[in-house]
Amino acid sequence: MKEKRIYLQEQRIVDDVLFCKLQKLLELNFEEIDIAARNKKLFDENKVVFVGQMHLRDDECEYLLFCYPKYVSLTCDLHQRIYDNKSNLAGIERDSIQHVHKVLIQISDVIGRAWHSKRQNFSEFSIANKKYKRRVIKSSIAKFILEDFKRNGIYYFEKEINAQEPIGKIDWGKTVHKCQPFISQNRPYYTNPFRKRIVADEDGTIVKIYQKALWDSNREFGVLLDLYSPGIEPCDPLEMSNDVVALYVKKYSNQVFDERGFYLLQALATWYDISGEVNLRKDYYGTVDFENIWEEVCQKIFLDDKSLWVGKMPIGQWNVYSEKVDSVIPMFDVHARSLEPDIVYADTTNNVLFLFDAKYYNPQMGGSRYIGNVPGSSDISKQWLYMYYLKAKYKDYKIVNALLIPKDENDGNWLIEYLGFVNLDTESRLNELAEDETIRVTPGVGSIAIFMINARRAYEEFLIEDNSQSLFNDIVNDLRVRVADNFISGTNINRTYFE
């Protein structure tokens, strides 16, 4: 079957021809009767909202969709580009494709972990990890299986044949029990004894289990891991559930004694454990709510502590006139929820309260005075309100109030970059500022800093098993040294947020 690879960028429009083609593929591959529900797996109207990998197929071709986040910046724009296995790629195209693959494989790990729980720890699969069980990243198991295949070729499982044939070691127990001997001079002779020999198992249950995991690993992660093998053949679905398969593999491993086979069986057991735990179609791995994933990433690496704000945020109190008492009385909405800040953390050593809002946006500068694709006034007002209420509760603390926005970074190891700050002001005042290009501003009371976060580094920290205090110490140091020096007014450094 032919194969095509389609690259799409989140939050960008798809042209009518490709949109219609993808609509038809969604219809063929998803069971939802409602057309809108099918389309929402990939689109909002004709705008891409999915981040991740998707595998769609029709009678003639298999399509691999690579939908990369809106903040990814490429030398060569890949949006809506379609390639097959014979495509000749220019250098900048190849580099851009490799960058997208690198981003998506890391994101698939992040999504997998976030789906389980932002408080659980997941690690790379390793043959040295004796406690592998279920808490590993799925792509790392696929990497182990595919690297083993690339390095050693297909693994041949063996089975013992015990039959009446001329080859092999005689099985005297079975021969005596099953065969009628020929007696000569009071001695039994067996002319057709049972013999044992080891042969390759070509169609047994374990072989089908291995072939299915190899095929799925190749199809789901092969391209992204740069380990794709076109020669791996598709196979039929297994008749057992993934949990049952995992148990079968663990029992089977007791009869395999060569090192490669033993570790490969560990990987297979883990693969089916993970596949049985996550309730997903095998045809896609991603999300249409990546903003929630970004929030979880930021909450973990910035050590969100909900105890600092629970019960301290405002909630609506309704006061309604009552004829019975001829007065206004307080009434309460039992379903009401208070405002919920994304991230609050207290640096008790320095009496600093960090108030962060994870914002999944991609700011665009339009000319010298205009910016787009940024949080709206309601988001800014809400973040200011959080600061107002927390300041009332933590009077002895200085508050660092900031938005956390992802930025694409391929090589740099920095974590936080200062973009500027945002204030609330009247429309007329903003028009004044826009008309006078000589005006310079500095942050003041109520200003909210804008921090760009190195997405690659943030994901690396999110996937680290030990969520230690040392990381936050690095973050605080980054804020004080790297970020504060960017609060510049003329030649004077303004450290409003930090001292």
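Position 1 is the first residue of the sequence, and the numbers go up from there. Just the heavy atoms: all of them, side chains too, but no hydrogens, waters or symmetry mates, feed the values below. This structure is a prediction, so every number in the text was calculated from the model and none was measured.
Surrounding CG of D15 are more than 12 heavy atoms belonging to other residues, nucleotides or ligands, all under 6.0 Å away. Annotation: K24, atom NZ; neighbour count of heavy atoms from other residues, nucleotides and ligands within 6.0 Å does not exceed 12. Counted within 6.0 Å of CD on E45, heavy atoms from surrounding residues, nucleotides or ligands total 12 or fewer; the atom is thus considered open. The neighbour count for R187 CZ, taken as heavy atoms of other residues, nucleotides or ligands under 6.0 Å away, does not exceed 12. For NZ of K4, the number of neighbouring non-hydrogen atoms (other residues, nucleotides, ligands) closer than 6.0 Å is 12 at most.
To the nearest 0.5 Å, atom CD of residue E409 and atom OG of residue S73 are 10.5 Å apart. Distance check, rounded to the nearest 0.5 Å: CG of L18 to CG of L8 gives 6.0 Å.
Judged by the 6.0 Å and 45° rule, K70 forms a cation-pi pair with Y360. Cation-pi contact between R5 and Y228: present, with separation from the ring centre below 6.0 Å and deviation from the ring axis of at most 45°.
Aromatic ring pairs are classed by plane angle as parallel below 30°, tilted from 30° to 60° and perpendicular above 60°; the pair Y252 and Y248 is parallel.
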>> Would F157 and Y210 count as a ring-ring contact (aromatic ring centres under 6.0 Å, His included) here? Give the steps.
In response: CA-CA 9 Å; F157 291 92; Y210 171 50; 5.8 Å; yes

> Checking ring-ring contact (aromatic ring centres under 6.0 Å, His included) for the pair Y7/Y68: CA distance, chi angles, key distance, verdict?
Replying inline: CA-CA 8 Å; Y7 291 83; Y68 53 99; 7.2 Å; no

> Given the rule in the side-chain contact (heavy atoms from CB on, under 4.5 Å) test, do E295 and I293 qualify, once you have shown the distances and angles that lead to the verdict?
Replying inline: CA-CA 5 Å; E295 182 179 314; I293 303 295; over 6 Å; no

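Residues D16 and K21 are not paired through a salt bridge, judged by the lack of any N-O separation under 4.0 Å between the basic side chain and the carboxylate. Using a 4.0 Å cut-off between a side-chain N of Lys or Arg and a carboxylate O of Asp or Glu, D148 and K143 do not qualify as a salt bridge. Remark: D357 engages K359 in a salt bridge, criterion side-chain N to carboxylate O under 4.0 Å. Salt bridge status for K306 with D342: absent, with no side-chain N to carboxylate O gap under 4.0 Å.
Side-chain atoms of Y83 and E93 form a donor-acceptor pair, as typed in the model, at a separation below 3.5 Å. Judged purely by distance below 3.5 Å, without hydrogens or angles, the side chains of D243 and S241 never pair a donor atom with an acceptor atom. The closest side-chain donor-acceptor pair between N29 and H55, if any, does not fall under 3.5 angstrom. With no hydrogens or angles considered, a side-chain donor-acceptor pair links N401 and Q383 at under 3.5 Å.
Under the 6.0 Å cut-off for aromatic ring centres, F19 and F43 qualify, their centroids lying closer than that.
Using a 4.5 Å cut-off on side-chain heavy atoms (C-beta onward), L403 and Y361 make no contact.
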